[in-house]
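Data block below; observations after.
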Amino acid sequence: MQNVVILQARKWFSRSLSSFSSNPLKVCVVGSGPAGFYTAEKMLKAHQQAQVDIIDRLPTPFGLVRSGVAPDHPETKIVINQFSRVAQHEQCSFLGNVTLGSSISLSELRKLYHVVVLAYGAESDRSLGIPGESLKGIHSAREFVWWYNGHPDGRNLDPDLKNTDAAVILGQGNVALDVARILLRPTAELATTDIANYALAALEESSIRKVYLVGRRGPAQAACTAKELREILGIRNVDISIQEVDLRLTPADEEELKSNRIKRRVHELLSKAAAKPRTAGLNQRELHFVFFRKPDSFQESEDRTGHVSGVHFEKTVLKGDGPGKQIAIGTGEFEDIKCGLVLKSIGYKSVPVDGLPFDYKKGIVPNFRGRVLSDTSGDPTLLEEGLYVCGWLKRGPTGIVATNLHCAEETVLSISEDIEKGMLISSAALPKPGREGLLQLLQDRDVRIVSFSDWEKIDSEEKRLGSSRNKPREKLSTWDELHKAALE
Amino acid sequence: MLSSRLPRLGPWIAKRLFTRNYASIYRGRYNQSTRNRFLQPPAFQQLSLNKLYNGAMIGKHNFLSTTSNEGNEQKETISVTFVDKDGEEQHIRVPVGMSMLEAAHENDIELEGACEGSLACSTCHVIVMDVEYYNKLEDPTDEENDMLDLAFGLSETSRLGCQVIAKPELDGIRLAIPAATRNFAVDGYVPKPH
């Protein structure tokens with residue numbers, strides 16, 4: 001017991017020692033999704049006098065927890081409670097409507113704060129680079145998700161769900177499964193979620209009955225996880241189609257599955273579903289898992305110029321020197337799938353800003369455990385002082401909400417080590433304007449900041465609108481509506 | 001009771017004054033209005049919460065009235081030891097029927113619980129240090145296994161803290177909180193779900 005007391009006291013003392021100055025550490029986190037909030041939380045725990053500001057270009061916080069997690073996954077959004085408590089911490093401020101690159105530049109931010117952590121994720125898409133990619137009816141899954149989740153930049157996507165009975169989704173990760181599920185789930189079940197009302201209306205009128213989830217490789221390489229797969233295989237009135245022949249495993253596949261619990265369970269689920277007899281019935285919707293098909297080009301409709309009518313696929317086989325290294329090689333045999341809607345779910349991509357070193361090949365900011373490197377050479381001694389990254393911008397667009405927990409711990413540890421070693425100009429040595437400076441600069445530029453309590457006004461309004469429709473909330477999905485609710 | 005808590009009072013006060021404290025705010029949720037909320041969860045949460053409560057219905061009173069230890073001395077408690085990532089041990093008493101996640105938060109033990117016990121994350125992952133105790137637990141459901149798939153530092157005796165409910169047979173159980181940061185940067189088992 002005594003040891004615990006001494007250890008506790010020592011920990012508390014050493015944490016506060018660094019901040020017993022009239023110049024607290026000023027930290028700015030760019031991005032208010034899980035990476036941003038976990039970073040803010042860990043910073044406040046490790047540096048108890050620090051002032052942490054979280055900026056976001058949207059007036060609403062929480063990043064993909066609000067605009068990415070599917071409407072029928074409300075439990076995944078519970079973490080918002082924890083993030084709200086961080087925002088309400090007396091040394092933390094959420095500043096919405098502030099865009100890095102236009103409201104303020106990166107170099108200006110670095111002058112105002114001792115530490116800047118970039119956690120703004122990935123708001124762009126990988127592209128296939130194949131003919132026909134710009135035809136109408138082809139969207140990225142990211143845009144489609146923003147659309148049904150009421151993100152103001154996705155509001156006007158207006159996907160046409162009425163001109164066709166078939167949709168092709170390229171990719172087999174959890175995002176691909178999300179969009180497939182939203183297209184196939186009975187709309188009565190969606191009506192009591194926080195899905196955007198215009199999306200619900202479009203889905204109620206949708207004529208899509210067949211959804212194809214297409215992967216370049218086999219079931220052993222599918223990137224989805226068990227929970228999401230189990231869920232989609234169990235949707236009411238959906239007929240699942242999987243070719244048993246696709247489930248055959250190569251020796252390298254067996255190796256991959258042996259050491260990977262997730263993939264093993266995914267393969268079991270797919271095998272069970274493939275073995276179940278098909279039950280064709282009235283009003284059945286169909287979900288087809290298609291493997292070993294690489295998109296070669298998109299076909300244009302003859303009746304509707306400029307619109308997609310199908311995808312031209314090349315069959316593939318796996319080649320590679322071992323588990324985890326198998327790639328899809330084209331066989332020269334082709335196959336078409338007719339469809340009027342294509343959703344590309346092949347990966348998000350981060351967007352660089354001025355003054356930020358960027359690795360275009362990997363789509364991330366070059367870093368060493370969260371410390372931003374000056375170039376992509378990988379030399380860990382060329383550091384950008386006071387500049388750090390966390391989340392997708394640091395690791396690439398993979399992982400779940402909780403992955404950012406560990407990512408933030410690593411970045412904050414790097415920051416703490418740098419402060420201790422004197423590699424970061426200490427707050428005592430050089431006071432910085434921090435929040436006051438930022439607020440002044442933004443005021444001079446007529447940027448109308450949305451505070452956390454302004455967001456709470458949006459939050460109450462959305463909940464109020466939702467309650468009359470038996471939904472947890474009705475999202476405000478245009479910039480005007482959001483600003484009006486927040487700032488008036 | 002009180003005398004054993006006194007030495008921790010100083011740091012305890014400091015922590016409350018200076019940091020966000022999940023446990024103190026978490027505790028505050030167990031008031032009248034939130035108790036009602038737990039009894040009538042929204043439809044889409046119904047299923048998972050029913051599974052959670054299904055075995056703990058008898059202990060329901062304990063589950064919800066965890067605001068403090070007063071008046072609960074009569075309830076049967078078991079001894080649980082949490083070992084954190086630095087190897088520090090904390091011995092606590094947990095009333096029968098309470099989950100390990102709740103117990104951790106009641107005692108200011110740093111165990112994350114992003115989804116607050118609704119089987120939608122893996123942040124309350126704990127490792128049961130002795131296999132005899134692991135075997136005394138009921139098998140994890142598919143839903144728990146799905147979440148365990150994603151846990152960092154998964155081991156043969158890993159469980160989600162929100163699914164381990166205190167019962168007399170678990171008296172003396174030791175639970176390790178995985179050292180996530182150490183595992184994070186290391187090659188090997190690094191799940192990459194999306």
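By convention in this document, chain letters (A, B, ...) are assigned in the order of the sequence lines, proteins followed by strands, and residues within each chain are numbered from 1.
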Asp146(B) side chain near Arg230(A) side chain, heavy-atom distance below 4.5 Å = yes
Quick one: which of Gln88(A), Glu189(A), Lys227(A), Lys77(A) has the most heavy-atom pairs under 4.5 Å with chain B, could you say?
-> Lys227(A)
Rounded distance [0.5 Å steps], [atom1] in [X] versus [atom2] in [Y]:
X	Y	atom1	atom2	result
Asp142(B)	Leu269(A)	CG	CG	8.0 Å
Arg261(A)	Leu154(B)	CZ	CG	5.0 Å
Leu405(A)	Phe152(B)	CG	CZ	8.5 Å
Leu150(B)	Ile262(A)	CG	CD1	5.0 Å

Glu75(A)/Leu119(B) under side-chain contact (heavy atoms from CB on, under 4.5 Å): CA gap, chis, key distance, verdict = CA-CA 8 Å; Glu75(A) 306 87 9; Leu119(B) 276 177; over 6 Å; no
Crowded around Lys136(B) NZ? As in, over 12 foreign heavy atoms under 6.0 Å?
-> yes
Any chance CZ of Arg126(A) has more than 12 other-residue heavy atoms, nucleotides or ligands included, within less than 6.0 Å?
-> no
Which atom pair, heavy atoms only, marks the closest approach of Ile78(A) to Cys115(B)?
-> CD1-O, 3.5 Å
Glu116(B) versus Gln82(A), side-chain donor and acceptor atoms under 3.5 Å | no
